[in-house]
Amino acid sequence: MSEGVIVAHTDDIPDGEAIRIDAAVTGTVDDIAVFNDGGEFFALDDTCSHEKASLSEGWLDDGVVECPLHAGKFCLRTGEVLSMPATEDVACHRVIIDGEDIRLIPDPTRLAS
Ligand code: FES
C-alpha cells in the first residue's frame with residue numbers, strides 16, 4: 001500500500017509556485033502549502049507563524065519561501081524560520097513523488113485529533 005495522501009499532480013504546480021491543500025483533505029490542524037521550487041516539491045504548514053498570512057501565496061527563491069505579508073522567510077526543507085518579523089518555525093511535512101502524483105505524509109504532531 002502506498003504511503004500518504006495524494007494531494008495533487010506534479011503538473012498542477014508550476015515551478016516557483018505553490019498550492020494550498022485544505023486541512024480537511026490532509027487531516028491536519030492547519031492547511032498545508034505544497035511548493036514547487038525548481039522541480040523539487042516541499043510542504044509546510046500554510047499559516048505563517050508571525051500572523052495569519054498564507055505561505056502558499058508567498059514568493060519562492062532557492063529553497064526559501066518569503067511570506068507575502070511582512071516578508072518573513074522560512075526554509076522549504078525544514079520549516080525553520082530564517083528572518084524577522086517571524087520568530088517561530090512552521091511545521092514541515094514529507095512529500096513523496098510517485099510518478100505524477102504528489103503524496104503528502106503529514107507531520108504526526110500536526111494531525112487533527
Ligand atoms: Fe508572515 Fe508577518 S504574517 S511575516
Side-chain angles (χ1 to χ4, degrees):
M1 195 174 101
S2 299
E3 282 184 286
V5 182
I6 296 173
V7 293
H9 293 131
T10 51
D11 55 8
D12 293 336
I13 314 174
D15 186 7
E17 299 198 11
I19 59 172
R20 181 172 52 84
I21 309 296
D22 194 278
V25 173
T26 58
T28 49
V29 294
D30 190 11
D31 296 343
I32 293 180
V34 180
F35 305 91
N36 177 350
D37 185 33
E40 277 194 277
F41 292 86
F42 304 95
L44 301 176
D45 269 10
D46 185 55
T47 305
C48 180
S49 61
H50 177 235
E51 289 181 3
K52 300 299 177 198
S54 170
L55 293 178
S56 68
E57 295 173 11
W59 291 276
L60 303 187
D61 184 27
D62 197 19
V64 172
V65 57
E66 180 179 312
C67 177
L69 196 53
H70 307 114
K73 293 181 181 175
F74 300 88
C75 174
L76 291 174
R77 290 183 186 281
T78 65
E80 180 186 0
V81 64
L82 300 174
S83 77
M84 299 282 275
T87 58
E88 292 179 31
D89 299 346
V90 293
C92 184
H93 307 278
R94 239 176 100 201
V95 172
I96 295 173
I97 302 303
D98 180 9
E100 295 182 353
D101 293 335
I102 300 174
R103 290 184 182 275
L104 186 75
I105 302 177
D107 176 337
T109 68
R110 300 293 286 161
L111 291 174
S113 52

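Each ligand, and each atom within it, is numbered from 1 in the order the structure gives. Note that the structure is predicted; figures quoted are calculated from it, not measured.
Closest approach of V34 and V7 over heavy atoms only: CG2-CG2, 4.3 Å. For the residue pair P68 and E57, the shortest heavy atom distance occurs at CB-O, 3.5 Å. Across every non-hydrogen atom of L69 and A53, the tightest pair is CB-CB, 3.7 Å. Nearest heavy atoms, T28 versus P106: CG2-CB, 3.5 Å.
Protein residues having a heavy atom under 4.0 Å from any atom of ligand 1 are C48, H50, E51, A53, C67, L69, H70, G72, P85, listed by chain and number.
Looking at R20 and S54, their side chains come closer than 4.5 Å, going by heavy atoms from C-beta outward.
A single hydrophobic cluster is seen to contain both L104 and F41, as judged by linkage of ILVMFWY side chains at heavy-atom distances under 4.5 Å, directly or through other members.
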